[in-house]
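First the structure, in the form of structure tokens, and then the observations on it.
Keep in mind it's a predicted model, so treat the numbers as computed, not measured.
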Amino acid sequence: MMTTQTKNHTCAQCIHWNGVDADSGECRRQPPQAISFKVDEHTRFEARFPVTAAHDWCGEFAAE
């Protein structure tokens, strides 16, 4: 039986990641995403980058 090892690169190691603290940050690979939420009777719109954990990973990792 053959085994294959894979190496996962985490968000914290990616050039597109902007760390907010040791455990979380913003993925800046794509433009900010528009979000809306209701506060009292008013709806607010903002654009935000996705927040990820430092140990998360995806298929679009880019090394520095």
Listed pairs under 3.5 Å, donor-acceptor, residues 41-48 side chains, sequence neighbours left out:
| unit_1 | atom_1 | unit_2 | atom_2 | d |
| --- | --- | --- | --- | --- |
| Arg44 | NH2 | Glu46 | OE2 | 3.0 |
| Glu46 | OE1 | Arg48 | NE | 2.9 |
| Glu46 | OE1 | Arg48 | NH2 | 2.8 |

Please set out all donor-acceptor pairs under 3.5 angstrom arising from side-chain atoms of residues 50-59, sequence neighbours excluded.
| unit_1 | atom_1 | unit_2 | atom_2 | d |
| --- | --- | --- | --- | --- |
| Thr52 | OG1 | Trp17 | NE1 | 2.8 |
| Asp56 | OD2 | Ala53 | N | 3.0 |

For this session: Supply the atom-to-atom distance Arg29 CZ to Phe49 CZ, rounded to the nearest 0.5 angstrom.
Result: 12.5 Å
For this session: Can you see which heavy atom on Glu60 is nearest to which on Gln30, and at what distance?
Result: OE1-NE2, 4.0 Å
Seminar exercise, completed: To the nearest 0.5 Å, atom NE2 of His9 lies from atom SG of Cys14 at 10.0 Å
Exercise. How long is the gap from CD on Glu26 to SG on Cys11, to the nearest 0.5 Å?
Worked result: 12.0 Å
